[in-house]
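Throughout, numbering of the chain's residues begins at 1 and tracks the sequence. No experiment lies behind these values; they were computed from the predicted model shown.
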Amino acid sequence: MVKRSALVLTTGLSVVLGTLLTAPSTTQGAATAERRLVGKVTSTDVEQGRLTVETDQGEAVTVGIDSSTRCMRVPPGEKDLANAVPTAIADISLGDRVLARVPASTSGPPAAASLVLVMPRADLEQKRQQELADWKARGTVGKIASIDASAREVTLVAQSLRETKTTIVAVQSETGIRRYAPGSIRFQDARPSSFEELKVGDQLWVLGERQENPEGARIEAEQLVAGAFRNFAATVRGVEAGESTLRVKDLETGKTFSVHIVEESVLRRLPERMAWFLGMALERSKTGEGGPPRNFRRGGSGRGGRPPGGGFGGAGGGSRPDAMGGRRPNMSFQEVLQRAPRFSIDELKPGEPLIVSSTTGEGDTPIKAITVVAGVEPLLAAGPGGLGPLGGSWSMSINVPQ
């Protein structure tokens, strides 16, 4: 597996073949100023020799192709044209990624591009799935607790309902580093960054082999993706479904503000019995005591200290004895969220409690939701002093960079 391919796929042809495209044009005739377009194909016209490309900046551009155009198909992950093969406009499909070098002038009919490089959509999707599996298998997420600039090491802390893990992340000169754009939760928008831009408190995705040593866990980072995000408990003050916006009151600060739900936002509602068990685990993680949350009023059919609806995950399983002789969920909070049902914001009612993970909304940048979790009354009742382990980086664990 190509270990650095996540960066290659995300930035696409513009990085992989950037050196080639800054070279002088090979088009015959007088030298002509050119510009580079990177985007996806939205239509093709074989008879007219034209492509319509939606650039990564959202511009729709018609690209001409004639006998002078060098048109090549490039496999994802390639860094040069050694494995590129000639292709024709008829072989280009909707959704393919292309990089075209076209005349800078926009007046008159579209002039022919001197070069068009194509990454087929099917190849990109296969590559994306491979990379997604790699991030899930070898990715580690946590919050930066400290930075050792001289050693180029980061101390990463990942807090769960069961334990706190500390990992030393070694950042090499060849480590690919990216940072989420301000106000964005899209990995595709992450921009190239540097070790010097990492900050204490950042949430950090690390791709690399985790080594468990006697002195502690360590990762030699191949890729880093950093971002400034926050988790907080809130209550619903209002819902503007048409605007995909929630008005919420932060339970810690008492401030009321808007949170925007975007296409990448994940909205999950915890089933009552899941929330009950998680409340128990959260209280135990804070106090070391067993039993249900002290402030949780059980509903439904739960009786005799049992959660509503029976055992976690169904009868006869789903939980296991812990070191204190009690029972606890067999899944982490991230795994629970992945299995919890989705909901839409128009289902929320004023006063309903939520746990929200979002961008920080620095300056005039609007706050955008990464994850919104409803059905959290038992969790908030178990942790009135704050979110505790739920204030960590769990939200990024269900938004794997891709």
Side-chain angles (χ1 to χ4, degrees), residues 141 160-161 183-187 229-252 256-282 293 296-302 307-314 318 329-359 361 366-383 387 389-400 402:
V141 64
S160 71
L161 294 173
S184 173
I185 66 173
R186 288 169 50 88
F187 180 71
F229 305 105
R230 62 184 294 251
N231 295 350
F232 59 93
T235 54
V236 177
R237 298 301 298 269
V239 178
E240 299 175 13
E243 301 294 329
S244 298
T245 299
L246 292 175
R247 290 289 292 173
V248 300
K249 179 180 179 181
D250 188 320
L251 294 182
E252 181 178 357
T256 299
F257 48 86
S258 295
V259 177
H260 298 280
I261 308 299
V262 295
E263 183 180 355
E264 295 80 12
S265 302
V266 177
L267 281 65
R268 303 279 188 175
R269 182 179 294 277
L270 295 177
E272 192 174 5
R273 67 172 181 250
M274 281 187 178
W276 191 89
F277 270 109
L278 286 170
M280 279 201 303
L282 179 58
F296 176 46
R297 295 178 295 175
R298 287 190 296 272
S301 59
F312 181 84
N330 199 27
M331 292 185 288
S332 67
F333 188 52
Q334 296 95 318
E335 293 168 324
V336 170
L337 286 182
Q338 288 173 334
R339 300 189 181 196
R342 295 179 181 268
F343 71 93
S344 60
I345 63 171
D346 55 7
E347 299 174 31
L348 296 174
K349 307 298 181 184
E352 186 170 355
L354 305 170
I355 294 177
V356 180
S357 173
S358 73
T359 60
I367 293 174
K368 297 179 181 178
I370 301 173
T371 309
V372 178
V373 188
V376 296
E377 294 92 333
L379 282 69
L380 300 184
L387 292 180
L390 302 185
S393 50
W394 52 267
S395 60
M396 292 184 73
S397 294
I398 61 173
N399 287 272
V400 175
Q402 53 183 288

Results of ring-ring contact (aromatic ring centres under 6.0 Å, His included) for F257 - residues two or more places apart only
F232

Pairs of donor and acceptor atoms involving the side chains of residues 234-247, under 3.5 Å and at least two apart or interchain, shall be tabulated with distances.
| residue | atom | partner | partner atom | Å |
| --- | --- | --- | --- | --- |
| T245 | OG1 | E243 | O | 2.9 |
| T245 | OG1 | H260 | ND1 | 3.2 |
| R247 | NH1 | S258 | OG | 3.0 |

Shortest non-hydrogen contact from G375 to E377?
C-OE1, 3.3 Å

Closest contact, heavy atoms only, V376 versus P353:
CG2-O, 3.6 Å

Minimum heavy-atom separation for A340 and P271, please, with both atom names.
CB-CD, 4.3 Å

Of I345, L354, V373, the one forming a side-chain contact (heavy atoms from CB on, under 4.5 Å) with L267 is I345

So which heavy atom on A374 is nearest to which on E352, and how close?
CB-OE2, 3.8 Å

Do the side chains of L270 and L379 get nearer than 4.5 Å, heavy atoms only?
yes

Atom pair CD1/CG of I370 and N231 - distance to nearest 0.5 Å
7.5 Å

Atom CD in Q338, atom CZ in R268: separation rounded to 0.5 Å?
7.5 Å

Would you please test L337 and V266 for side-chain contact (heavy atoms from CB on, under 4.5 Å) and show each step?
CA-CA 10 Å; L337 286 182; V266 177; over 6 Å; no

Determine whether E252 and R230 satisfy the following criterion, salt bridge (charged side-chain N to carboxylate O under 4.0 Å, His left out), listing intermediate values before the conclusion.
CA-CA 12 Å; E252 181 178 357; R230 62 184 294 251; 5.7 Å; no

